[in-house]
Amino acid sequence: LVKTGHNDQYGFTHASEAAAFARERCGVEKNGDEGPQVIVVRRLFDGGLLSSWNESHPDAAVMPTDRIYRVNNVCTVEDMQQELRKPAVEIHVARYPERFAVRLQFPEGASGLEA
């Protein structure tokens with residue numbers, strides 16, 4: 001994505017998955033070094049560069065809840081957020097399934113859980 005005019009915007013809001021992980025796991029706001037180093041796309045805005053890119057690439061459209069794991073060859077949340085302030089970015093995105101099944105199998109007589 002490249003900003004060519006003064007008013008161009010990438011056109012999405014985002015949040016740090018690492019910070020959300022720290023809040024959920026520890027119950028407090030931390031710097032997020034322990035969590036996943038990804039940025040979650042929260043919302044897309046019509047007229048933004050990402051919305052235009054999505055229209056041109058419907059088979060690879062970026063959607064809310066997608067995870068950005070690299071921006072301009074950097075991959076920590078702090079560095080990616082800095083890169084998103086630049087006039088040109090190359091964004092790498094991953095999409096996780098909304099739901100998935102997990103089957104836990106324990107040896108007979110063992111619960112696998114400790115008190």
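Scope of the values below: all heavy atoms of this structure, side chains included, with no hydrogens, waters or symmetry mates.
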List the residues meeting side chain to side chain donor-acceptor pair (under 3.5 Å) with [X], not counting sequence neighbours, and say none if there are none.
{"X": "T4", "value": "D8"}
{"X": "T76", "value": "D79"}
{"X": "E17", "value": "R67"}
{"X": "N54", "value": "none"}

Checklist outcome for this item: By side-chain contact (heavy atoms from CB on, under 4.5 Å), Y69 pairs with (sequence neighbours left out) V38, H92, A94

Checklist outcome for this item: For S52, the side-chain contact (heavy atoms from CB on, under 4.5 Å) test, sequence neighbours excluded, returns none

Next on the checklist: Which residues pass the ring-ring contact (aromatic ring centres under 6.0 Å, His included) test with H57, not counting sequence neighbours?
Outcome noted: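 Counting only residues at least two positions away or on another chain, H57 forms a ring-ring contact (aromatic ring centres under 6.0 Å, His included) with W53.
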
Next on the checklist: Tell me every residue that passes ring-ring contact (aromatic ring centres under 6.0 Å, His included) with Y10, counting only those two or more places apart in sequence or in another chain.
Outcome noted: none

Same cluster or not: are [X] and [Y] linked, directly or through other Ile, Leu, Val, Met, Phe, Trp or Tyr residues, by side-chain heavy atoms under 4.5 angstrom apart?
{"X": "V89", "Y": "V41", "value": "yes"}
{"X": "L50", "Y": "V93", "value": "yes"}
{"X": "V102", "Y": "F106", "value": "yes"}

What closest approach, in Å, do [X] and [Y] show between heavy atoms, and which atom pair accounts for it?
{"X": "A18", "Y": "Q37", "result": "CB-NE2, 3.9 Å"}
{"X": "A88", "Y": "N72", "result": "O-ND2, 3.1 Å"}
{"X": "L49", "Y": "L1", "result": "O-CD2, 3.8 Å"}

Do [X] and [Y] come within less than 4.5 Å of each other through their side chains, counting heavy atoms only?
{"X": "L44", "Y": "S51", "answer": "no"}
{"X": "Q82", "Y": "V74", "answer": "no"}
{"X": "V62", "Y": "I68", "answer": "no"}
{"X": "F45", "Y": "T13", "answer": "yes"}

Checklist outcome for this item: R70 meets the salt bridge (Lys or Arg N to Asp or Glu O under 4.0 Å) criterion, sequence neighbours left out, with none

Next on the checklist: The criterion is salt bridge (Lys or Arg N to Asp or Glu O under 4.0 Å); which residues satisfy it with K3, sequence neighbours excluded?
Outcome noted: none

Checklist entry - Under the salt bridge (charged side-chain N to carboxylate O under 4.0 Å, His left out) rule, what pairs show up with a residue in residues 93-106, not counting sequence neighbours? => result D66-R95

Item to check | Members sharing V2's hydrophobic cluster (side chains within less than 4.5 Å) | outcome: none

Next on the checklist: Rounded to the nearest 0.5 Å, what separates atom CD in E83 from atom CD1 in I39?
Outcome noted: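 The distance works out to 10.0 Å.
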
Item to check | Interatomic spacing from CE in M80 to CG in N73 - rounded to 0.5 Å | outcome: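 Answer for the CE-CG pair, M80 versus N73, is 12.0 Å.
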
